[in-house]
Amino acid sequence: MNPMYRNIYSIIERIPFGRVATYGQIALAGIPGHARQVGYALYRTDSGCGIPWHRVVNAHGAISRRSFAGDEMVQRKRLEAEGVVFDHRGRVCLSRFQWRGFSEQTEPHRDLV
DNA sequence: CCTATGACTGGTC
DNA sequence: TGACCAGCCATAG
């Protein structure tokens, strides 16, 4: 596995249970400007690799389209199992669930719900 | 080496 | 709010 992928995966592994992060956010934390590579790196993984890939969503809070449509449901189910709520349009409420611990010292607590 | 491809993003309209 | 567009750049073939 090449260094860039490992870097991306290590960052994704820092996303805590019940929170999500966007591709661009992950890119900023490791390889600025490479949001697409984050998606590409995840594309090269499999669901059993131990990486919390399901906690990564796009900038709209939605689950991005991918080759096998069924995977989108798998991701949504995994997130819901962690307490993440989707709105009627199938998007995560980023203001509540987005992880911001990459850049901030203080870990924001999940308010209300 | 060159081209196509992508689980993306931010700005514009 | 949503659709469209143009950058983005490492991989794979």
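In the text below, chain A, chain B and the rest are named by the order of the sequence lines, each starting its count at 1.
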**Fill in**
To the nearest angstrom, the CD1-P distance between Ile51(A) and dA7(B) comes to 16 Å
**Message:** Counting C-beta onward and ignoring hydrogens, is there a side-chain heavy-atom pair between Val57(A) and Tyr23(A) closer than 4.5 Å?
**Reply:** no
**Shortest non-hydrogen contact between Val56(A) and Thr22(A), atoms and distance** = CG1-C, 4.5 Å
**Between dA7(B) (P) and Trp53(A) (CH2): distance, integer Å** = 13 Å
**Item:** Length of the line joining Gln75(A):CD and dA7(B):P, which is rounded to integer Å
**Value:** 12 Å
**Prompt:** Rounded to whole angstrom units, what separation is found between the CG atom of Leu94(A) and the C1' atom of dT9(B)?
**Reply:** 13 Å
**Asked** In chain order, what residues pass the side chain to side chain donor-acceptor pair (under 3.5 Å) check against Ser64(A), with sequence neighbours excluded?
**Response** Asn58(A)
**Item:** Residues forming a salt bridge (Lys or Arg N to Asp or Glu O under 4.0 Å) with Glu13(A), sequence neighbours excluded
**Value:** none
**Asked** Quick one: Asn58(A) CG to dT9(B) C1', roughly how many Å, whole number?
**Response** 10 Å
**Item:** Test side chain to side chain donor-acceptor pair (under 3.5 Å) applied to Arg66(A) - qualifying residues, sequence neighbours left out
**Value:** Gln75(A)
**Request:** Send over the distance from Arg78(A) CZ to dA7(B) P, rounded to a whole Å.
**Result:** 18 Å
**Request:** Could you check how far CZ of Arg66(A) sits from C1' of dG6(B), rounded to whole Å?
**Result:** 13 Å
**Set of residues satisfying side chain to side chain contact (heavy atoms under 4.5 Å, CB included) with respect to Asn7(A), sequence neighbours excluded** = Ser10(A), Ile11(A), Ile31(A)
Considering only nitrogen or oxygen atoms on both sides, find all protein atoms under 3.5 Å from nucleotides 10-13 of chain B and state each distance.
none

**Asked** Considering residues at least two apart in sequence or located in another chain, which fulfil the side chain to side chain donor-acceptor pair (under 3.5 Å) criterion with Arg36(A)?
**Response** none
**Item:** Asp71(A) CG to dA7(B) P, straight-line distance once rounded to whole Å
**Value:** 11 Å
**Complete:** Expected string for nucleotides 2-13 of chain C under the B/S/- scheme (protein heavy atoms, under 4.0 Å, primed atoms plus P, OP1, OP2 as sugar-phosphate) is S----BBBBSS-
**Prompt:** Applying salt bridge (charged side-chain N to carboxylate O under 4.0 Å, His left out), which residue pairs with at least one partner in residues 53-65 of chain A are found, sequence neighbours left out?
**Reply:** Arg55(A)-Glu82(A), Arg65(A)-Glu72(A)
**Item:** Partner set under side chain to side chain contact (heavy atoms under 4.5 Å, CB included) for Tyr43(A), not counting sequence neighbours
**Value:** Tyr40(A), Ser67(A)
